[in-house]
Engineer: 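The structure is given below, and queries will be raised subsequently.
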Amino acid sequence: MTDVIDKPKQDGPDLKVVGTRPVRPDGVDKVTGRAAFGADYRLPGMLTGRILRSPHPHARIVSIDTTKAKALAGVKAVVTAADFPDLDSEEYEAGESAADIRDLSLNVMARHKVLYDGHAVAAVAATSASVAEEALGLIEVVYEVLPHVTDVVEAMSPTAPLLHEGMITQGVTPPPTRPSNIAKRFASQRGDLEAGFAAAEVVIEDSFTTQAVHQGYIEPHACVATMTEDGQSVVWSSSQGQFMVRTYCAKLLGLEVADVRVIPAEIGGGFGGKTTVYLEPVALALSRISGAPVKLVMSRDEVFRATGPTSGTAITVKIGATRDGRFTAAQVELKYQAGAFPGSPAGAAVMTALACYDLENFSIIGWDVVTNTPKVAAYRAPGAPMVAFAVEGVIDELARNLGIDPIAIRELNGVRDGMKASYGPTFRNIGFQETLQAAREHPHYSAPLAPGEGRGVAAGFWFNVGGESTAALHLNEDGSAVVVTGSPDIGGSRASMAMMAAEVLGVGADRVRPVVADTASIGFSMLTGGSRTTFATGMAVTQAAQKVVESLKARAAMTWETGAEHVAWENGQAICLDPAKDVKALSLAELAANAARTGGPISAEVSLNAQGAGPGFGVHICDVAIDRETGHVAITRYTAVQDVGRAIHPAYVEGQIQGGAAQGIGWALNEEYVFGDDGRMQNSGFLDYRMPVASDLPMIEAVMVEVPNPRHPFGAKGVGEVPIVPPLAAVANAVRGALGFRMAHLPLSPPKVRAALDRSG
Amino acid sequence: MSQLQYYAPGSVEDAVKALGAGGRAMSGGTDLLVQLRAGRLPPGPIVDLKNVAGTQGIRQENGGWIIGAATPAALLGEHAGLVAAWPGVVEGAGLIGSTQIQNRASLAGNLCNASPAADSVPALIAARATCIVAGPGGRREVPVQAIVTGVGKTSLGPGEFVLEIRLPPRPPRAADAYLRAIPRTEMDIAVAGAGADIVLDEAGVCQDVRVVLGAVAPTAVIVAGASAALVGFRLDEAALERLDSAAQVVCRPISDKRGTVEYRTRIAGVLARRAVAIAWERAEKRA
């Protein structure tokens, strides 16, 4: 479907490439299996590494004896935390959220204490996988097992086992005197809550829980790393940001940034989960000792136990409204599981909780809570889907209670241009109302339901960000071009980069080859995350292409012996506007071929810090049919409507919308981390960690609403994260419609639905 | 899985010898290799039975069916005659793993892996299928339900392996069915399963029935009260309600990440009812 060429949009600028659907530049490599992912790299003399992981969710490390492992024939290096610098706390900004370097170091390799089942305690590099496996068994770790806590609410209890003995809650005045598992309190408020609720004619309050879920990228973490005697280091790895990997490796190992070069592998999915490091510093530490390249590849079990996931949550929402459906006040309290170290997305959840709505009076409190579970990582719109599940669920109840159409109540209360967002700024060029209208007018919304089916509607918001990006454009001698960025392509951004460059140059997208370069070959770029790449890196690409066009115009002027102001660039060629000259237009290819005689190679590099990313809104409509005997929920129809600014490559935008919806549906229906009483994860594989399979989903219809973002040269807004925000609530609201009562605790798996039906009589 | 000894004998005698020497039987390998790789089984010699004479193919003999032990499950679904005679057995085989897995996975492997949740086993037991077991003492024929004795345990002695699975001839107005419950729609493992085989008389009254449940006890269990619930009756809601209760009575499930005791028990009754209703309808069409 991606080889269909659409006509350019009639309502926007006259665009020839942007808005079409060319074949993806990385497509052939991927469908033929040639694409090289993290685990595909091998070097001469390379060793195989393995990581020893804690079997306990919480224990003190009394001692680690590696003597026997080191003595095993074929073992070339064994490392523990003692082989890494013992770092001080330092906040470091490297992606969607800040990381504390000390916590990151302790997560990569446990020191003194293990904090979750699967926490790395040692690693070996050996001449073969079997020797490495055997060596792991020879490492003697003495643990003093401690009581553990995995649930976020239990972890907040004053009697819960303490993960970090000195942790004092931030954001509370005066600061508490006793340590707890509560890392931070977030608060956001406006107006007079009491007066707001007093003005309400209907108040709905409910409490919700969601379980920890994993990003579920198909490619496990993998890397090859090598360090020479003089500290020169090279890492090949799959991540959302080679510069992020470089920074973290340098910090964690005490290296100069200039001594670390990171070469990005093709990435098999990230969804936020590859915005941090787990293996790369360990592989470098093993290489430092062994003097040989070291490869580390996680198993799926390790991916589940030691990477990701996102937070399990407990959320209470109370909203008041007048009889005609106008919201008068809202109160939200959310508790987010951070895992072993502080840093749940509770802060983002506080900011997004009520971002869709115009509210005079509200209070939102968020809690970031550590638990004996893997440290959470970013997951697609981090923090937003869970709080949307709760808020949109209460709005659904309000609409039912008041007899108001669920889209109408959102149109009545939804934000518009010029309103001050609940999280601070004033909205400009947003498309929430347009998105609601498109959902209301979609045939799905008025289609009749079969008996017993239910329909749910939910909205969602995500900020989208800009940030630092670099792009280079090199014109080749035949008039083709290479566009180089430092942004890993996790959602089709390479195609968009080529298209935006082609649009400016006035050539076809197939004349521009996009490349994702290593840290030594392009200027700094923040990682791919926050739905920033097509917006921010795309802006750098566009500006680089514009610089190249300026150079081409100057060269044409030089050729024609006229001023550059007399040259226009149209359809990939320079046109002379000087009435005194009778010359033919010069094509891009002609100018490129003549570059040596007009000043040398034609290329441009642009580094910028992009501002003005446009927030995104989505509205999803979901139909479900429930087998009341087995409790099985079938999604029978699903429509996802979203303001995308302007779709650069519409097929990829649709793919992002469908993928986000699919992940959200999985989160709603079956996905969850299951911990045993022993604090160990019970379902660390794709059989029992149930992501949706293709047959679980209907065709998800993606509807793009285009309210362009004037801060981007082609109107683009971030699109990758918004679509995972509404589905949890859309599914739950549909189940509410089918069952006649609300299920407020995810996942809505068959045993839970059947049990709820049995309870309801 | 560092070093692997692998044997692929061509004759029953060589296979018996290799298994007697401590080898592990493998046909499709879709369970065994995964378990070895995950470290759930210690490495050991593997005896691949796919080349052993008689372990491949589907044939009819004296009105019944003989299925070679290592025959890929995918072939069952492509065999029109078998699908017509034993749709329930084929349904069970068609739910093992995924389409790709079924290109390798076999009925005997699914049986001898001895998982309580094996999808092909309830329908085989309901069908009164038997196994031809080859071993140092020659060959013996045993009912399928006598093979699995517990989770991961079988009654096969040293050197023994399943050579064939046999299905009896079909009387008229007889049909079977298999259903399972999973949280998803595919690529999953049964939370509960139910196989049903039914024979009707000319008046559409149940003459004979066997219902077998999977994943609700350490081994597949025969619903003892099924005959009392259904034989001598026509298909109606009351009969199915009696069967539902009879099915729940024999359940001895565990609560785990895949389902609770209560859920598995209730769902077993539901599946038994639905499987019988499907088999009944199929049998009526054969009148």
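What you see below is based on every heavy atom in this structure, not just the backbone, and it leaves out hydrogens, waters and symmetry mates. Chain letters run A, B, ... following the sequence lines, proteins first, then strands; residues in each count from 1.
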Engineer: Which value, rounded to the nearest 0.5 Å, describes the distance between Asp758(A) atom CG and Glu262(B) atom CD?
Structural biologist: 10.0 Å
Engineer: For Asp688(A), is there any backbone N or O sitting under 3.5 Å from a side-chain donor or acceptor partner on Arg258(B)?
Structural biologist: no
Engineer: Please state whether the side chain, the backbone, both or neither of Ile182(B) comes within less than 4.5 Å of a heavy atom of chain A.
Structural biologist: backbone
Engineer: For Asp677(A), is the CG atom crowded, meaning more than 12 foreign heavy atoms sit under 6.0 Å from it?
Structural biologist: no
Engineer: Please flag which part of Ser749(A) lies under 4.5 Å from any non-hydrogen atom of chain B: side chain, backbone, both or neither.
Structural biologist: neither
Engineer: Does any N or O in the side chain of Lys257(B) come within less than 3.5 Å of the main-chain N or O of Asn683(A), such that one atom is a donor and the other an acceptor?
Structural biologist: no
Engineer: Can you tell me which portion of Arg264(B) sits under 4.5 Å from chain A's heavy atoms? Options are side chain, backbone, both or neither.
Structural biologist: neither
Engineer: What distance separates Thr630(A) OG1 from Arg180(B) CZ, expressed to the nearest 0.5 Å?
Structural biologist: 13.0 Å
Engineer: Can you tell me if Lys76(A) has over 12 outside heavy atoms packed within less than 6.0 Å of its NZ?
Structural biologist: no
Engineer: For chain B, find which of Val674(A), Val693(A), Asp696(A) contributes the most heavy-atom pairs closer than 4.5 angstrom.
Structural biologist: Asp696(A)
Engineer: Can you measure from CD (Glu629(A)) to CZ (Arg266(B)) and round to the nearest 0.5 angstrom?
Structural biologist: 12.0 Å
Engineer: Please indicate whether Arg104(B) has more than 12 foreign heavy atoms, meaning atoms of other residues, nucleotides or ligands, lying under 6.0 Å from its CZ.
Structural biologist: no
Engineer: Looking at Val131(A), Asp301(A), Asn670(A), which has the largest count of heavy-atom pairs under 4.5 Å with chain B?
Structural biologist: Asn670(A)
Engineer: Does a sphere of radius 6.0 Å around CE in Met187(B) hold more than 12 heavy atoms from other residues, nucleotides or ligands, not counting ones at 6.0 Å or beyond?
Structural biologist: no
Engineer: Under 4.5 Å heavy-atom distance to chain B, tell me which part of Tyr689(A) shows up: side chain, backbone, both or neither.
Structural biologist: backbone
Engineer: Give the member of Pro183(B), Ala38(B), Gly259(B), Ala192(B) that has the highest number of heavy-atom pairs under 4.5 Å with chain A.
Structural biologist: Pro183(B)
Engineer: Who among Val633(A), Asp627(A), Leu669(A) has the most heavy-atom pairs with chain B under 4.5 Å?
Structural biologist: Asp627(A)
Engineer: A quick test of your reading: do over 12 heavy atoms of other residues, nucleotides or ligands sit less than 6.0 Å from NZ of Lys30(A)?
Structural biologist: yes
Engineer: Side-chain contact test, heavy atoms from C-beta onward, threshold under 4.5 Å: evaluate it for His632(A) versus Thr185(B) and give yes or no.
Structural biologist: yes
Engineer: Considering residues, nucleotides and ligands other than Glu281(B), do more than 12 of their heavy atoms fall under 6.0 Å from its CD?
Structural biologist: no
